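Worksheet: the structure to be examined is printed underneath.
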Amino acid sequence: MKLLGTGSSLPKIQVTNDDLSEFLDTNDEWIFPRTGIKSRHVISDEKLEDLAVDAALKAVENARVQLSELDMIICSNVVNEYVTPGLSCIVASKLGVSCPCFDINCACPGFIYAMDMADSYFRSGKVRKVLIVCAEEPSRMINWADRSVCVLFGDGAGAAVFGEGDKLKGTRLSAQPDPEKLYEIHKLQNTPYINKEEAEVPLVMRGREVFKFAVTTSARDIKNILADTGLTPGQVSYYMIHQANLRIIDAIRDNLGVEPEKFPTNIRDHGNSSSASCPILLDECNRAGMFKEGDILVFSAFGAGLLSATAVLEW
Ligand code: UT7
């Protein structure tokens, strides 16, 4: 498959580190050097589905395709207000299309997992145009009194439209299952038969362990996919890394021995927006005119699961 267009959409409220320090025992001096984050967008009166639809419409327009041409919508999402139907159905209904659609919950690497799935549908000849929408509101998963977690995340949506072609050069998905490192638990409806203890648990993250997982798996995944595709680190035009922490991105870069210019980042203004992070970054770079035909983009993302994924895409 090949990429035809990108889009993104962000909540209007931008919360700075100084804003957080008004109600939390934290400050910019702690947050910025440890994470690279200065501010993040946070949902207020918006609905996540509206951000998803906005990002999707921008991607469809950027791709110069008609909504009626879409053969499939894949939504990557961890939580939204609906349990059912899937966010993809809500997006499809707002777009006025009736192609098959489904959601995946692969946390931060969701965009790459979705690309991998879309690629299989293209290879089987079942689709000609696929819309991927990654929409996330981690601000609704966290405990806003837990400074170790809530300063890291931001909300948003990123989308991409793919068509037939041979520009996705490879994908690699991997898992090191360990639900205890990064999770949120929510309570289901009660029934007359439930006699076990249940509790709402806002997002828990074993930060240092996730940090180590991120750096080691991302560097390993990238080296593996470069070997698969016969590329050297220097032949890659841009590394599109999940924006979880600038120190993670720097450590991956050091490990690969590549110059910083090849690692675009937007974490400073967005924080970690889970699976929306890579497609928002992709859209911002696209709209800034950074890419030229033939450029090689390597995506790498890691997160809850623990899951990680990487992909090589030629522009
Ligand atoms: O997308 C999913 C993937 N997620 C990630 O990749 C995140 C990976 N992890 C990280 O990015 C880092 O581990 C963090 C940024 C989350 C934490 O950085 P750290 O250098 O590992 O700090 P820490 O958790 O070890 O905390 C160090 C100190 C603690 O104080 P004491 O115990 O040393 O007195 C914390 O209580 O910093 C304190 N602290 C804070 N202080 C001010 C933790 N959070 C804050 C805060 N403001 N927001």
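Just so we're clear, the structure is a prediction, and the values are computed from it rather than from any experiment. Order of listing sets the numbers, starting from 1, for every ligand and every atom in it.
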Note to self: Heavy-atom pairs closer than 4.0 Å: do any link ligand 1 to the side chain of Asn245, the backbone, both, or neither?
What the structure shows: side chain
Item checked: Atom indices of ligand 1 within 4.0 angstrom of Cys108 heavy atoms, with elements -> 1 (O), 2 (C)
Item checked: Reference residue Leu4; test side-chain contact (heavy atoms from CB on, under 4.5 Å); the match among Val161, Val60, Val130 -> Val161
Item checked: ligand 1 versus Ile248: contacting region, heavy-atom distance under 4.0 Å -> side chain
Checklist line | Non-hydrogen side-chain atoms of Val215 and Asn255 separated by less than 4.5 Å | finding: no
Check: Would a search of protein heavy atoms around atom 34 (O) of ligand 1 find one under 4.0 Å away?
Finding: no
Notebook entry, point to check: Which of the atoms in ligand 1, numbered in the order shown and given with their element, are less than 4.0 Å from a heavy-atom of Thr26?
Noted result: 42 (C), 46 (C), 47 (N), 48 (N)
Check: Any side-chain heavy atom of Leu67 sitting closer than 4.5 Å to one from Leu131?
Finding: no
Next item on the list: Would you verify whether the NZ or CZ of Lys126 falls within 45 degrees of the ring axis of Tyr121 while also being under 6.0 Å from that six-membered ring's centre?
Entry: no
Next item on the list: Using a 4.5 Å cut-off on heavy atoms from C-beta on, say whether the side chain of Tyr183 contacts that of Leu203.
Entry: no
Next item on the list: Enumerate the atoms of ligand 1 whose separation from the nearest heavy atom of Val151 is less than 4.0 angstrom.
Entry: 48 (N)
Item checked: Test item: protein heavy atom less than 4.0 Å from atom 40 (C) of ligand 1 -> yes
Note to self: Could you check whether Lys169 pairs with Asp228 (Lys NZ or Arg NE/NH1/NH2 to Asp/Glu carboxylate O, under 4.0 Å)?
What the structure shows: no
Notebook entry, point to check: Taking atom 9 (N) of ligand 1 as the point of reference, which of Pro138, Ala107, Cys150, Gly207 owns the nearest heavy atom?
Noted result: Gly207
Margin query: Closer than 4.0 Å to some heavy atom of Arg247 - which atoms of ligand 1 meet that?
Written below: 18 (O), 20 (O)
Note to self: With heavy-atom distances below 4.0 Å as the criterion, list the atoms of ligand 1 near Leu182.
What the structure shows: 2 (C)
Margin query: Tell me whether atom 14 (C) of ligand 1 lies less than 4.0 Å from at least one protein heavy-atom position.
Written below: no
Notebook entry, point to check: How far is atom 24 (O) of ligand 1 from its nearest protein heavy atom, and which residue and atom is that?
Noted result: Arg208 NE, 4.7 Å
Next item on the list: Say whether Thr35, considering both its backbone and side-chain N or O atoms, lies within less than 3.5 Å of an N or O atom on ligand 1.
Entry: no
Notebook entry, point to check: Going through the distances and angles, do Asp18 and Asp28 end up as a side chain to side chain contact (heavy atoms under 4.5 Å, CB included)?
Noted result: CA-CA 6 Å; Asp18 289 343; Asp28 185 60; 4.0 Å; yes
Next item on the list: List the closest protein heavy-atom neighbour of atom 3 (C) of ligand 1: residue, atom name, distance to the nearest 0.1 Å.
Entry: Val210 CG1, 3.6 Å
Notebook entry, point to check: Right, does atom 31 (P) of ligand 1 have protein non-hydrogen atoms nearer than 4.0 Å?
Noted result: no
Check: Checking side chain to side chain contact (heavy atoms under 4.5 Å, CB included) for the pair Asn143/Val149: CA distance, chi angles, key distance, verdict?
Finding: CA-CA 8 Å; Asn143 171 1; Val149 173; over 6 Å; no
Notebook entry, point to check: Hey, which atoms in ligand 1 end up nearer than 4.0 Å to a heavy atom of Asn272?
Noted result: 1 (O), 2 (C)
Next item on the list: Can you establish whether the number of heavy atoms outside Glu164 located under 6.0 Å from its atom CD is more than 12?
Entry: yes
Note to self: Looking at ligand 1, is there an atom of it that comes within less than 4.0 Å of some heavy atom belonging to Val149?
What the structure shows: no
Checklist line | ring-ring contact (aromatic ring centres under 6.0 Å, His included) partners for Phe291, two or more places apart | finding: Tyr238, Trp315
Note to self: Under 4.0 Å between a side-chain nitrogen and a carboxylate oxygen: does that hold for Arg247 and Asp250?
What the structure shows: no
Checklist line | Heavy-atom nearest neighbour in the protein, as seen from atom 16 (C) of ligand 1, with distance rounded to 0.1 Å | finding: Leu152 CD1, 3.7 Å
Next item on the list: Of the side chain and backbone of Trp30, name the one, both, or neither that has a heavy atom under 4.0 Å from an atom of ligand 1.
Entry: side chain
Note to self: Please list the nearest protein heavy atom to atom 29 (C) of ligand 1 with its residue and the distance rounded to 0.1 Å.
What the structure shows: Arg147 NH2, 4.9 Å
Notebook entry, point to check: Should the pair Phe263 and Tyr239 be assigned to parallel (<30°), tilted (30 to 60°) or perpendicular (>60°) ring geometry?
Noted result: parallel
